[in-house]
Amino acid sequence: MDNPSTPHILIIYTGGTIGMIENPETGALENFDFEQFKLHVPELRQFNYHIDALAFDPPIDSSDMEPRYWIKMAHIIADHYNHYDGFVLLHGTDTMAYTASALSYMLENLGKPVIITGSQLPIGQLRTDGKENLLTSIEIAAARDQMGHPVVPEVCIFFESRLMRGNRTTKINSEGFNAFRSFNLPSLAHAGIHIKYETHLIRRPRPDAPFRPHYLLDNNVMILTLFPGIRKEVIDTMLSVSGLRAVVMKTFGAGNAPQKPWFVESIRKLVNRGVIVVNITQCFKGTVEMHRYETGLQLLQAGVINGYDSTVEGMITKLMFLLGHGYSHNEIVRLMNTNIAGEITV
Ligand code: ASP
């Protein structure tokens with residue numbers, strides 16, 4: 001029997017490199033199931049925690065991630081919310097930042113840690129980074145303060161040595177172990193000999209409201225990355241797709257775009273059609289300031305919304321979430337410039 005103060009942790013294994021094995025014939029990495037996975041981490045038994053696991057069947061490469069899987073993850077967390085103190089979600093690195101962002105909106109007023117991690121090398125390989133990522137994530141998910149409250153009641157990504165807010169994080173390296181960064185918000189914790197938490201940066205749930213999961217998402221959205229020489233036909237074709245409701249536009253520098261009249265006119269027409277257009281910068285660090293240059297100001301005048309310092313993953317999933325919940329156009333415009341899950345500095 002567990003001591004009542006023993007932390008209860010649920011591992012949710014969705015797939016990704018961490019649980020893959022090399023196919024001897026093709027050399028390609030393929031998923032293997034969670035039972036085999038556990039055999040490679042005997043250390044799990046050394047924790048003084050009660051640890052259970054649930055696995056996606058079949059596990060998926062995160063490049064196949066879809067909103068319906070985010071809904072499945074939110075259901076699993078909500079259904080087990082009262083029985084566990086923290087959740088560790090194992091996920092492929094490729095779209096981990098999108099999942100972390102989506103869950104940060106879907107799990108409203110979260111009061112327990114949801115720590116997402118994965119690895120660059122499969123758990124079965126000698127030099128794997130998966131073990132350290134998994135074991136430290138479990139420790140973070142179980143951490144409590146002196147009052148017995150969870151230290152990190154947020155959706156986070158833990159990778160290599162950094163704990164980062166999920167909706168501020170981006171994958172920046174396809175081969176290094178240090179694969180994720182949160183450029184516009186410092187890490188919430190660093191893991192070295194000790195795990196050092198930056199408690200002043202960590203969000204807390206509102207004490208007057210319950211945890212509220214959400215399951216509605218609308219993927220009638222797109223990301224438009226500008227580049228010098230982009231053609232009118234390309235923009236007009238992309239933006240005329242039927243059913244399109246929102247666009248994240250990745251602009252230059254502080255939120256600037258070409259001054260060509262046809263370009264501004266295309267964007268103005270799009271906004272007048274009721275499509276929401278959000279301006280974020282292609283730079284990793286810094287914020288959009290549409291007042292700063294004429295090239296940004298004209299976007300503001302065309303009705304484009306400022307995405308400030310948020311990530312593309314954070315904005316595209318926020319739009320899916322707000323559109324999915326049937327907010328009015330004006331409400332969405334207002335909420336895009338409201339910090340709802342720590343995703344933006346307005
Ligand atoms: N393709 C893999 C995935 O995202 C890569 C990884 O896990 O690192 O599922």
Side-chain angles (χ1 to χ4, degrees), residues 11-41 44 53-74 76-77 87-104 114-138 140-141 155-164 166-182 191 217 219 223 284 311-314 316-317 320:
I11 298 176
I12 306 162
Y13 171 69
T14 69
T17 295
I18 192 164
M20 289 184 180
I21 197 158
E22 200 175 291
N23 179 321
E25 274 156 37
T26 63
L29 288 174
E30 293 173 355
N31 287 303
F32 63 98
D33 66 32
F34 195 69
E35 287 313 308
Q36 286 171 283
F37 179 92
K38 276 195 296 195
L39 295 177
H40 289 284
V41 206
L44 281 175
L54 279 178
F56 273 33
D57 184 19
I60 53 164
D61 186 306
S62 82
S63 305
D64 285 322
M65 191 47 60
E66 294 273 345
R68 68 191 161 99
Y69 294 125
W70 297 334
I71 294 168
K72 184 169 167 177
M73 293 173 206
I76 293 175
I77 292 167
F87 300 85
V88 173
L89 203 121
L90 299 180
H91 194 289
T93 58
D94 289 348
T95 61
M96 188 183 284
Y98 291 90
T99 296
S101 300
L103 290 179
S104 76
V114 174
I115 312 300
I116 310 181
T117 195
S119 67
Q120 295 282 54
L121 277 178
I123 202 100
Q125 290 197 6
L126 261 188
R127 287 199 308 109
T128 186
D129 51 331
K131 272 194 193 185
E132 223 170 281
N133 286 348
L134 170 63
L135 300 176
T136 308
S137 294
I138 293 175
I140 292 170
V155 178
C156 293
I157 288 182
F158 177 77
F159 221 86
E160 224 230 6
S161 57
R162 293 182 168 88
L163 181 75
M164 295 155 282
N167 58 30
R168 292 291 196 150
T169 305
T170 298
K171 182 172 179 183
I172 48 114
N173 196 328
S174 65
E175 52 178 52
F177 288 160
N178 222 328
F180 288 86
R181 281 287 188 291
S182 161
L217 297 162
N219 65 351
I223 298 166
F284 282 124
T311 60
V312 66
E313 298 91 336
I316 198 79
T317 53
M320 287 190 201

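One-based numbering, in listed order, for ligands and for the atoms of each. One is the number of the first residue; the rest follow in order along the sequence.
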- Any idea which of Leu90, Ile60, Leu29, Asp94 brings a heavy atom closest to atom 2 (C) of ligand 1? Asp94
- Message: Can you name the atoms of ligand 1, numbered from 1 with element, that are less than 4.0 Å from a heavy atom of Ser119?
- Response: 8 (O)
- Query: What's the shortest heavy-atom distance between Phe158 and Asn133, and which atoms?
  - Reply: CD2-O, 3.7 Å
- Donor on one side chain, acceptor on other, Thr99 and His91, under 3.5 Å: yes
- Task: State, to 0.1 Å, how close Ala141 and Val88 come at their nearest heavy-atom pair, and which atoms those are.
- Result: CB-CG2, 3.8 Å
- Within-cut-off N or O pair, Thr17 and ligand 1, under 3.5 Å: yes
- Query: With a 6.0 Å cut-off on ring centres, are Tyr13 and Phe37 close enough?
  - Reply: yes
- Query: Who's the nearest protein heavy-atom neighbour of atom 8 (O) of ligand 1, and how far?
  - Reply: Thr93 OG1, 2.4 Å
- Task: May I ask you to test the Thr311-Asn167 pair for a side-chain heavy-atom distance under 4.5 Å?
- Result: no
- Message: If the contact criterion is a heavy-atom separation under 4.0 Å, does Ala179 count as touching ligand 1?
- Response: no
- Below 4.0 angstrom from a heavy atom of Gly16, which ligand 1 atoms are there? Numbered from 1 as shown, please. 7 (O), 9 (O)
- Query: Do side-chain atoms of Lys131 reach the backbone of Gly124 as a donor and acceptor pair under 3.5 angstrom?
  - Reply: no
- atom 4 (O) of ligand 1 - nearest protein heavy atom and its distance: Ser62 OG, 2.5 Å
- May I ask you to list the atoms of ligand 1 that are less than 4.0 angstrom from any heavy atom of Asp61? 1 (N), 2 (C), 3 (C), 4 (O), 9 (O)
